[in-house]
There are 2 protein chains.
Amino acid sequence: MTVIAAVDRSDAAPHVVSRARELGDAFGERIQVVHVLTRDEFVSLERTNVSQTGETIPTQDVIQIAEDIAAEAIDEADVDATPVGLMGNPADEIVSYAEDKGARYIVVAGRNRSPVGKALFGSVAQSILLNASIPVVSIRGE
Amino acid sequence: MTVIAAVDRSDAAPHVVSRARELGDAFGERIQVVHVLTRDEFVSLERTNVSQTGETIPTQDVIQIAEDIAAEAIDEADVDATPVGLMGNPADEIVSYAEDKGARYIVVAGRNRSPVGKALFGSVAQSILLNASIPVVSIRGE
């Protein structure tokens, strides 16, 4: 089995990885840190000039950048974990990946602050909570 | 430290207790199973004839019934855990109790089915997720 840490590009990502590692240590399981990119995000990241050239984006390129983002969160958390990059709708991809792997837990940063300081529950986290058959561990994303 | 299982009176309660026990076993911690009753629920449970007599409801009576409900969930789950009864707003009481105890996790049944079969996220669970500084483990409530 495994514990899945679902990370976005926020400051909360290393905390999500650390918490997943803590669960993994307690249960003797490895950690997979998953970041999901949509094609639109890939283009907006400006790590590519695809939007200028109008070429088709190779799926493998998107997945590689997503994996790099997961790897950055692991580096910041400074723990042992495997980065995984996926492409598509974040909540859908995370839930189906975790269920395919028979994961024990999915760890997410659920709560964030809006620009005006109000506590909000993230829409990706909410969708994961509603759709996953696996227990979801929600930590503060602030 | 401790792991808090927050239970309602639904069929999901023993699953919440079992999952909390699993976390407690992994981390070497004891489990407290908390049920919170409002005064209104206490009256509607018809374990009292207070509504007929118009007498003041003793707080201790409400807390005792809440603890009995927590104890029932523990019995059904058939694990080692301590029942705790509280009175007031469920989400507020659970969050402040868990934070006072320095709990490692709060386990809740997040998802339920509406009468028409739609997946919904429970309002108490949602409020706990938004307000707790402690990680919240949400399991399927169905």
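Residue numbers start from 1 in every chain, and the chains themselves are labelled A, B, ... in the order their sequence lines are given, proteins ahead of strands.
Under the 4.5 Å side-chain contact rule for hydrophobic residues, B/Val108 and A/Val108 share a cluster. Residue A/Leu130 is not grouped with residue B/Val137 when hydrophobic side chains (ILVMFWY) are merged at heavy-atom distances under 4.5 angstrom, including chains of intermediate members. Connection of A/Ile74 to A/Leu86 is not established within any shared hydrophobic cluster, with ILVMFWY side chains joined at heavy-atom distances below 4.5 Å, either directly or through further cluster members. Placement of A/Ile128 and B/Ile106 within a single hydrophobic cluster is found when ILVMFWY residues are connected by side-chain heavy-atom separations under 4.5 Å, directly or transitively. Follow the hydrophobic side-chain contacts under 4.5 Å out from B/Tyr105 and you never reach B/Val95; the two are in separate clusters.
Applying the 6.0 Å contact sphere to CG of B/Asp11 captures no more than 12 heavy atoms from other residues, nucleotides or ligands.
For chain B, the nearby part of A/Ala132 is the backbone; its heavy atoms alone come within less than 4.5 Å.
Interface with chain A: from residues 21-37 of chain B, residues B/Glu22, B/Leu23, B/Ala26, B/Phe27 qualify, criterion being any non-hydrogen pair under 4.5 Å.
Between B/Arg104 and A/Arg19, the shortest heavy-atom distance links the atoms O-NH1, 4.5 Å.
Side chains of A/Leu129 and B/Leu129 form a contact here, defined as non-hydrogen atoms less than 4.5 Å apart.
Atom OG of residue A/Ser138 and atom CD1 of residue B/Ile134 lie 12.5 Å apart, to the nearest 0.5 angstrom.
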